[in-house]
Chemist: 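Got a structure for you, written out below as structure tokens; questions coming shortly.
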2 protein chains.
Amino acid sequence: MVVDQLRETELDRLFQAFADTTRRDIVRRVTVGEYSVSGLAALYAMSFAAVQKHVAVLERASLVTKEKRGREQIVRGNHEGLQKALRLLDEYEQIWRQRAARMADILAEG
Amino acid sequence: MVVDQLRETELDRLFQAFADTTRRDIVRRVTVGEYSVSGLAALYAMSFAAVQKHVAVLERASLVTKEKRGREQIVRGNHEGLQKALRLLDEYEQIWRQRAARMADILAEG
DNA sequence: ATATTGTACAACCAAATGGTTGTAGATCAG
DNA sequence: CTGATCTACAACCATTTGGTTGTACAATAT
């Protein structure tokens with residue numbers, strides 16, 4: 001029943017992190033290059049504090065890391081989190097393909 | 001700036017749908033087989049209405065479809081939604097790989 | 001030394017989320 | 001017909017989410 005509680009809440013956080021346009025944009029940007037928190041904040045029509053919170057959500061989900069450099073905080077992409085999400089969705093995809101194959105077999109028999 | 005509003009809110013809903021353990025379990029199950037809403041409800045330690053809401057969230061996100069059969073409502077997986085999520089994450093993955101390749105090049109030069 | 005910049009964090013607010021119970025309408029079984 | 005089952009939906013509740021403003025402090029620039 002309760003298969004793997006830790007992994008599940010980890011995935012909850014991970015997909016929750018992806019469930020916001022601004023956060024997906026941040027992930028895309030810090031995957032390509034380097035941004036400070038205020039550098040990111042300048043990109044969006046919302047307060048610095050709001051962007052700070054988005055970054056915190058991404059950090060909790062292991063999708064980005066922060067590293068202090070002088071007075072700035074540099075945000076970088078964290079490949080691990082993304083791979084974890086991809087793995088789960090790929091599992092579903094595999095199941096779907098297997099079912100499709102079974103269906104094809106059944107149709108071939110009948 | 002506002003790249004593609006419709007696609008973005010669609011992705012918001014999609015990832016939000018995945019951001020819950022019960023909903024991920026429902027997706028997995030209806031991908032494998034057929035379940036009525038009450039059949040699903042029997043599986044979880046929550047009310048029928050709660051499961052009904054989870055199914056509604058998945059339906060809005062285009063991850064499942066419902067089809068009336070007699071007095072039952074049969075829930076089935078909808079491959080489209082899953083593929084959409086996979087596509088986006090694969091985009092990120094590609095970007096990441098490209099960046100990793102660039103880094104390797106730079107290291108080779110220097 | 002002072003002003004500016006970048007960050008952190010608290011307090012607050014409206015809206016959404018994830019759950020509940022209760023009521024009511026269809027459909028099926030006896 | 002009557003009762004049981006399956007679904008839909010409303011009302012309610014506590015918590016979380018996504019945003020705001022304000023305060024404080026560290027690091028840089030003038």
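Chain identifiers are assigned alphabetically (A, B, ...) following the order of the sequence lines, protein sequences preceding nucleic acid strands; residue numbering begins at 1 within each chain.
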Chemist: Going by the rule side-chain hydrogen bond (donor to acceptor under 3.5 Å, both in side chains), which residues pair with A:Asn78 if we only count those two or more places apart in sequence or in a different chain?
Modeler: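 A:Asn78: no side-chain hydrogen bond (donor to acceptor under 3.5 Å, both in side chains) contacts found.
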
Chemist: Taking only heavy atoms on the protein side, list every residue of residues 67-76 of chain A lying under 4.0 Å from any atom of DNA chain C, sorted numerically.
Modeler: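 Nucleic-acid contacts, sorted: A:Arg71, A:Glu72, A:Gln73.
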
Chemist: If the sugar-phosphate is the primed atoms plus P, OP1 and OP2 and the base is the rest, what is the B/S/- string for nucleotides 11-24 of chain C, using protein heavy atoms under 4.0 Å?
Modeler: B------SBBB---

Chemist: So how far is it from B:Leu86 CG to A:Leu89 CG, rounded to the nearest 0.5 Å?
Modeler: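 The CG atom of A:Leu89 is 5.0 Å from CG of B:Leu86, to the nearest 0.5 Å.
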
Chemist: To the nearest angstrom, how far is B:Asp12 atom CG from D:dG19 atom P?
Modeler: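 Spelled out: CG on B:Asp12 to P on D:dG19 is 10 Å.
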
Chemist: How long is the line joining CD of A:Gln52 and P of C:dG6, in whole Å?
Modeler: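 Roughly 13 Å, once rounded to whole Å.
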
Chemist: Kindly determine whether B:Val30 and B:Leu40 satisfy side chain to side chain contact (heavy atoms under 4.5 Å, CB included), including the steps that lead there.
Modeler: CA-CA 9 Å; B:Val30 303; B:Leu40 287 171; 4.3 Å; yes

Chemist: Might you list the N or O atoms of the protein lying below 3.5 Å from N or O atoms in nucleotides 13-15 of chain D, with each pair's distance?
Modeler:
none

Chemist: Run the salt bridge (Lys or Arg N to Asp or Glu O under 4.0 Å) test against A:Arg24 and tell me which residues pass, sequence neighbours left out.
Modeler: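 For A:Arg24, the residues satisfying salt bridge (Lys or Arg N to Asp or Glu O under 4.0 Å) (neighbours in sequence not counted) are B:Glu8, B:Asp12.
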
Chemist: List in chain and number order the residues that pass side chain to side chain contact (heavy atoms under 4.5 Å, CB included) with B:Glu34, two or more places apart in sequence or in another chain; answer none if no residue qualifies.
Modeler: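 Here the qualifying residues are B:Arg69, B:Ile74, B:Arg76.
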
Chemist: Taking side-chain hydrogen bond (donor to acceptor under 3.5 Å, both in side chains) as the definition, give me every residue that meets it alongside A:Asp20, ordered by chain and number, with sequence neighbours left out.
Modeler: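 Expected list: none.
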
Chemist: Round to a whole Å and report the spacing from OH of A:Tyr35 to P of C:dG6.
Modeler: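 One finds 15 Å between P of C:dG6 and OH of A:Tyr35, rounded.
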
Chemist: What pairs of residues pass the ring pair (Phe, Tyr, Trp, His ring centres under 6.0 Å) test when at least one of them lies in residues 65-92 of chain A, not counting sequence neighbours?
Modeler: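 Pairs touching residues 65-92 of chain A that pass the test: A:His79-B:Trp96.
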
Chemist: Applying salt bridge (charged side-chain N to carboxylate O under 4.0 Å, His left out), which residue pairs with at least one partner in residues 39-66 of chain A are found, sequence neighbours left out?
Modeler: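 Pairs touching residues 39-66 of chain A that pass the test: A:Glu59-A:Lys66.
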
Chemist: Would you mind reading off the bend of the helix from C:dA1-D:dT30 to C:dG30-D:dC1 from its two end axes, five pairs each, to 10 degrees?
Modeler: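 About 20° separates the two local helix axes.
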
Chemist: Got a sec, which residues hit side-chain hydrogen bond (donor to acceptor under 3.5 Å, both in side chains) with B:Gln94, two or more places apart in sequence or on another chain?
Modeler: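 For B:Gln94, no residue satisfies side-chain hydrogen bond (donor to acceptor under 3.5 Å, both in side chains) once neighbours in sequence are set aside.
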
Chemist: Going by ring pair (Phe, Tyr, Trp, His ring centres under 6.0 Å), name the residues that satisfy it together with A:Phe15, two or more places apart in sequence or in a different chain.
Modeler: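 A:Phe15: ring pair (Phe, Tyr, Trp, His ring centres under 6.0 Å) contacts with B:Phe18.
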
Chemist: Rounded to whole angstroms, how far apart are CG on A:Leu43 and P on C:dG6?
Modeler: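 Those two atoms, CG and P, are 13 Å apart.
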
